[in-house]
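Report on one structure; see the data block that follows.
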Amino acid sequence: MFESIHFESKGRRTTTASNPDVLAALREIVGDENVVVDPARVEPYGADAVKEKFPPEAVVFPSTTAEMVAILKLANVHLFPVTARGGGVGYTGGAVPVDGGIVIGTDRMNKIIEINVDDLYVVCQPGLTTFDVQTAVAEKGLMFAPDPASYKDSFIGGNIAENAGGMRTPKYGVTKHHVLGLEVVTATGDVIRTGGKTVKNVVGFDLTGLMCGSEGMLGIITEATLKLLPMPEATSTVRANFHSMEAACKVLTKFTPEGLLPMAMEVIDKYCVAAIEENFAFGLSKEAGAILLVGVDGSKEEVERNAVTIERIINENGGFDVIRARSKEEEDKLWDVRRAISPSLMKYGTLKINEDVVVPRSKVPELVARVEEIGKRHDTFVANFGHAGDGNIHVNFVVDRDDPAAIRRARECVAETFQLSVNLGGTISGEHGIGYVKSQYMHYAIDRPTLEIMKGIKRVFDPKGILNPGKMFI
Ligand SMILES: Cc1cc2nc3c(=O)[nH]c(=O)nc-3n(C[C@H](O)[C@H](O)[C@H](O)COP(=O)(O)OP(=O)(O)OC[C@H]3O[C@@H](n4cnc5c(N)ncnc54)[C@H](O)[C@@H]3O)c2cc1C
């Protein structure tokens with residue numbers, strides 16, 4: 001077993017998922033070819049972007065809601081853990097079966113059922129990537145707004161279960177703001193329908209909202225009705241250098257008094273800039289203590305006017321080398337720098353602990369300054385970048401994977417950063433969720449009575465503890 005830096009295994013649950021009768025029943029439900037037990041083929045389903053391995057006993061690929069119901073009913077009889085998986089690019093081990101059992105691959109549930117232009121919604125299965133959905137609705141002149149950077153790999157089911165955010169969050173919000181209704185198979189094998197096809201719907205408790213961010217612990221999403229918007233006519237991006245992260249982050253609050261709500265506001269610190277330049281040679285300035293990227297969308301006139309105002313505000317507030325994209329190609333080039341960060345950071349070590357803390361955006365300068373101080377105090381390299389416009393910063397502690405003392409220091413840094421974020425009025429995760437990686441820190445952000453309510457909700461949906469055990473609560 002791979003040694004996890006995030007998880008002390010209490011031993012995998014003895015399950016019956018590898019019991020020949022159970023495997024025969026699973027094959028009966030989904031067909032022989034859709035139950036995979038070969039260790040080499042199963043192994044990739046034991047890891048996500050955290051890159052720690054907990055292989056399942058089997059991977060099962062249903063294609064209908066009826067098959068999903070039958071699998072969960074079987075699990076309730078034989079009491080084996082079931083973990084749903086989307087694209088498998090989560091950052092908190094959510095799709096990883098730490099307690100054993102089966103993984104349900106949703107890859108075959110990949111159909112668009114309806115795109116309704118008049119009523120502005122799309123009905124789809126959970127196994128489509130975000131990119132698939134965006135592309136299908138774009139052909140009708142519509143936009144599905146949530147845009148996690150993983151949009152080409154992550155699935156709609158995973159996005160909903162993690163309540164994913166993205167670059168466009170400052171203007172458009174996160175995934176839950178774009179989910180109108182869901183079909184869900186609960187842990188007991190019941191099918192429930194939440195919400196509907198309308199933007200307004202206040203009948204009963206908001207179970208759609210509850211499912212968003214439920215990390216595959218309450219039910220498996222088998223169908224989603226997603227809200228669509230008209231595709232904006234134009235977009236533009238302004239990129240600028242600043243002498244420090246503090247200076248770049250201080251600009252974030254200067255747009256609102258001018259009546260502006262940029263679609264995206266991203267910051268990149270000097271360590272990221274140096275790593276990107278070394279890897280990709282974009283020609284970034286050595287003087288750049290930080291880079292700020294600001295994106296706007298709307299009508300052509302509005303975009304032009306707003307981009308000019310943004311340039312002016314940036315120039316008035318310490319920005320230099322300000323560039324404004326004049327075409328889609330130029331815009332893509334400016335964003336290429338942002339996309340290059342994650343792979344480039346591996347220059348600093350073999351293990352990148354990527355956190356996604358969030359604070360009220362006016363507190364971002366203080367967060368970043370104090371995180372640097374935490375890194376220095378624990379002799380740990382730290383680089384910061386992220387969605388500063390909504391206060392969600394990716395704090396990356398980078399160490400060597402084979403240096404246990406360095407890993408221990410990095411974990412101290414993580415704990416202090418989480419406490420700091422809560423103290424600044426924020427919380428420990430803005431978009432990646434908890435999974436098994438952050439379960440030990442839940443109590444930093446959630447008080448005991450609230451945590452007990454959450455555990456109670458879990459018991460109502462999943463009395464036998466079948467769905468995704470070992471996550472969120474310890
Ligand atoms: C390079 C990179 C960039 C990223 N950028 C962003 C970003 O900008 N914003 C952001 O929010 N995240 C980002 N992430 C994190 C990740 O991509 C998101 O959390 C994404 O939503 C996960 O989707 P997935 O399909 O890969 O889910 P998985 O990792 O497969 O699963 C995640 C969770 O969802 C559950 N789940 C999956 N499918 C279902 C279903 N049908 N029903 C119920 N539960 C289900 C799983 O059990 C698990 O708990 C990034 C990750 C990487 C590697």
Side-chain angles (χ1 to χ4, degrees), residues 44-51 56 59 62 65 68 72 81-98 101-110 124-133 146-169 173-176 179 182-187 211-224 264 266 338-345 352 354-356 358 385-387 390 392 394 429-437 439 461-462 467-472:
Y45 293 87
D48 65 358
V50 182
K51 297 194 169 69
V59 188
T65 302
M68 195 73 86
L72 283 158
V82 175
T83 301
R85 184 179 178 94
V89 286
Y91 260 134
T92 52
V96 173
V98 289
I102 66 166
V103 159
I104 295 206
T106 49
D107 308 55
R108 294 174 70 221
M109 302 191 78
N110 60 357
C124 66
Q125 291 187 308
L128 289 156
T129 64
T130 327
F131 177 72
D132 292 333
V133 173
D147 64 334
S150 52
Y151 72 123
K152 288 200 174 160
D153 299 311
S154 57
F155 288 4
I156 289 296
N159 289 169
I160 296 170
E162 293 292 358
N163 194 11
M167 311 275 191
R168 297 196 281 226
T169 297
V174 295
T175 300
K176 74 176 174 191
V179 182
L182 295 171
E183 178 190 83
V184 176
V185 179
T186 66
M211 289 308 300
C212 294
S214 61
E215 301 196 13
M217 292 173 64
L218 302 181
I220 302 187
I221 298 154
T222 46
E223 189 183 290
E266 299 279 317
R338 169 68 177 80
R339 285 186 275 266
I341 301 172
S342 273
S344 303
L345 280 180
K352 174 164 68 83
N354 171 7
E355 299 303 349
D356 73 314
V358 59
F385 68 91
H387 319 295
D390 53 42
N392 184 198
H394 293 305
S429 175
E431 57 181 22
H432 292 166
I434 301 301
Y436 73 84
V437 164
S439 55
F461 275 81
D462 185 9
L467 269 184
N468 213 358
K471 308 293 165 62
M472 202 177 294

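Atoms within each ligand, like the ligands themselves, are counted from 1 in listed order.
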Look at [atom] and find which of [options] reaches it with the closest heavy atom.
{"atom": "atom 11 (O) of ligand 1", "options": "P148, G435, G165, P97", "result": "G165"}
{"atom": "atom 40 (C) of ligand 1", "options": "I434, D153, I221", "result": "I221"}
{"atom": "atom 50 (C) of ligand 1", "options": "A49, G386, S150, P126", "result": "S150"}
{"atom": "atom 43 (C) of ligand 1", "options": "G157, G219, P146", "result": "G219"}

Nearest protein heavy atom to [atom], by residue and atom, and its distance?
{"atom": "atom 19 (O) of ligand 1", "result": "E162 CG, 3.5 Å"}
{"atom": "atom 24 (P) of ligand 1", "result": "G87 N, 3.5 Å"}
{"atom": "atom 1 (C) of ligand 1", "result": "Y91 OH, 4.1 Å"}
{"atom": "atom 47 (O) of ligand 1", "result": "A84 O, 2.6 Å"}

Report task. Please state whether D48 comes within less than 4.0 angstrom of ligand 1, counting heavy atoms only. Result ->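 Contact check D48 vs ligand 1: negative.
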Query raised in the report: Strictly under 4.0 Å, does any heavy atom of G88 approach an atom of ligand 1?
Result: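 Yes, G88 has a heavy atom closer than 4.0 Å to ligand 1.
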Query raised in the report: Among side-chain atoms of H387 and E266, is any donor-acceptor pair under 3.5 angstrom?
Result: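 Side chains of H387 and E266: pair found under 3.5 Å.
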Query - Nearest-0.5 Å distance that lies between atom CD1 in I160 and atom CG in L182 - result: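 The CG atom of L182 is 5.0 Å from CD1 of I160, to the nearest 0.5 Å.
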